[in-house]
Amino acid sequence: MIKRIGVLTSGGDAPGMNAAIRAVTRAAIAKGLEVFGIHDGYLGMYENRIERLYRKSVSEKMRIGGTFLGTARLKEFDRKEVRQMALDNLHKYQIDGLVVIGGDGSYRGGLDLSNMGMAVVGVPGTIDNDIGGTDYTIGFDTAINTAVDAVDKLRDTSNSHRRCSIIEVMGRNCGDIAIWTAMAVGAEVCICKEFGIDLQEVIDNVRKAAQSKRHAIIVVAENMVSVEELARQVTENTPFEARATVLGHIQRGGSPTVRDRVYASMMGVKAVAALIEGKSHHCVCYRKGKIAVIPIEEALIDNNTDLLEKYEIFKLLW
Ligand code: ADP
């Protein structure tokens with residue numbers, strides 16, 4: 001039976017991570033465990049920057065974006081001797097279970113640690129919604145709301161000037177932020193890995209928009225195309241002058257939405273329950289309306305299965 005658990009946030013930060021840390025801390029204390037916060041993810045674990053957390057340590061944190069424990073990237077964590085030194089630090093505090101809040105990279109690190117004997121349970125914290133086996137990752141809802149708010153503002157000005165706004169959103173390996181944002185703002189086109197890019201379709205859709213309104217919106221997932229170059233093509237080939245905006249890290253910040261706070265809270269509690277049950281190399285997920293626990297390996301498989309359906313819906317709306 002575990003007695004002391006560690007909690008860390010790792011990789012890209014996401015709004016709602018604080019709510020997850022709070023839930024882990026409070027649920028663990030309620031179950032009679034001691035909790036230790038590890039600063040800056042695996043880096044702080046390696047550098048022995050670990051502190052005891054109490055109920056009060058997590059007061060007033062829920063509504064704040066980012067992660068109060070900090071996060072970092074430690075490339076060397078794929079080396080066994082680096083992980084062993086980090087594990088030795090956990091042993092100094094007699095920590096026998098670890099909650100890793102992060103994305104797929106953090107999960108890989110967690111899996112490696114569990115293979116070295118530490119009980120690890122992951123909680124999906126990433127704005128990209130790119131973890132397998134779960135319909136939801138903490139931070140996604142806040143990120144898409146931030147993106148939609150920004151596009152709504154851009155629409156006001158592009159409507160005044162008869163322009164096409166091209167907005168690059170985050171989501172390097174997963175088009176969910178682009179797809180949800182595009183659908184929510186009624187974009188003319190959504191360009192992402194899953195939908196691909198067809199320049200003629202872009203031009204046709206923007207020209208069609210120009211026949212009936214004063215603006216057009218194109219949402220592009222990062223790393224797909226140069227938005228500046230796309231703006232040049234749209235300006236040359238349609239009646240609209242196009243302007244590109246890269247939203248960037250603004251999508252990672254801000255006070256988490258209700259959905260992110262509530263899911264983070266439920267997932268944090270579930271992670272503690274899983275550790276108490278003796279689970280390791282598992283992670284929490286949200287599937288078919290329920291919070292569940294699955295092996296980390298399942299979460300590392302790409303299974304964005306409903307994309308075709310979304311694409312068909314889009315084609316009817318464009
Ligand atoms: P995210 O968790 O948001 O996907 P990263 O991919 O940057 O973010 O991963 C966060 C950290 O997890 C990395 O800096 C590294 O310390 C650790 N990590 C990532 N991949 C591995 C791996 N294959 N083996 C061990 N540790 C890893």
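Bear in mind the structure is a predicted one, so any value in this text is a computation, not a measurement. When a ligand or atom number is given, it counts from 1 through the structure's own listing order.
- With contacts defined as side-chain heavy-atom distances shorter than 4.5 Å, the pair Leu69/Asp40 does not qualify.
- The neighbour count for Glu236 CD, taken as heavy atoms of other residues, nucleotides or ligands under 6.0 Å away, is above 12.
- Only one option out of Ile38, Val100, Ile21 pairs with Thr9 in a side chain to side chain contact (heavy atoms under 4.5 Å, CB included); it is Ile21.
- The protein non-hydrogen atom at the shortest distance from atom 20 (N) of ligand 1 is Gly105 O, 3.4 Å.
- Defined by atom type and a distance below 3.5 Å, a donor-acceptor pair is missing between the side-chain atoms of Asp112 and Tyr42.
- No N or O atom of Tyr42 sits closer than 3.5 Å to an N or O atom of ligand 1.
- No side-chain donor-acceptor contact under 3.5 Å links His215 and Arg162.
- The nearest protein atom to atom 11 (C) of ligand 1, hydrogens excluded, is given as Ser10 OG, 3.6 Å; this is a heavy-atom distance.
- Counting protein heavy atoms only, atom 5 (P) of ligand 1 is closest to Arg73 NE, 3.8 Å.
- Protein heavy atom nearest atom 8 (O) of ligand 1, with residue, atom name and distance: Gly11 CA, 3.3 Å.
- Under 3.5 Å, the side chains of Asn89 and Lys92 contain a donor-acceptor pair of N or O atoms.
- Remark: minimum distance from atom 15 (C) of ligand 1 to any protein heavy atom is reached at Leu74 O, 3.2 Å.
- In this structure Arg4 satisfies the salt bridge (Lys or Arg N to Asp or Glu O under 4.0 Å) test together with Glu34, sequence neighbours excluded.
- For the side chain to side chain contact (heavy atoms under 4.5 Å, CB included) test with Val148, the passing option among Val151, Asn145, Asp152 is Asp152; the others fail.
- Contact check for Tyr107 versus Pro124: side-chain heavy atoms found under the 4.5 Å cut-off.
- A salt bridge between Arg108 and Asp104 is present, with a side-chain N of the basic residue lying under 4.0 Å from a carboxylate O of the acidic one.
- Among protein heavy atoms, atom 2 (O) of ligand 1 sits closest to Ser106 OG, 2.5 Å.
- Within the listing of ligand 1, atoms 24 (N), 25 (C) sit less than 4.0 angstrom from a heavy atom of Asp78.
- For atom 26 (N) of ligand 1, the closest non-hydrogen atom on the protein side is Gly109 CA, 3.3 Å.
- In terms of polar-atom proximity, Arg108 is not counted as a contact of ligand 1, lacking any N or O under 3.5 Å from an N or O of the ligand.
- Considering backbone and side-chain atoms alike, Asp112 places an N or O below 3.5 Å from some N or O of ligand 1.
- For ligand 1, one of its N or O atoms has an N or O atom of Asp104 under 3.5 Å away.
- Considering backbone and side-chain N/O of Ala72, none are found under 3.5 Å from N/O of ligand 1.
- Numbered from 1 in the order shown, with element, the atoms of ligand 1 that lie under 4.0 Å from a heavy atom of Gly103 read 1 (P), 2 (O), 3 (O), 4 (O).
- Looking from atom 3 (O) of ligand 1 to the surrounding protein, the closest heavy atom is Gly12 N, 3.2 Å.
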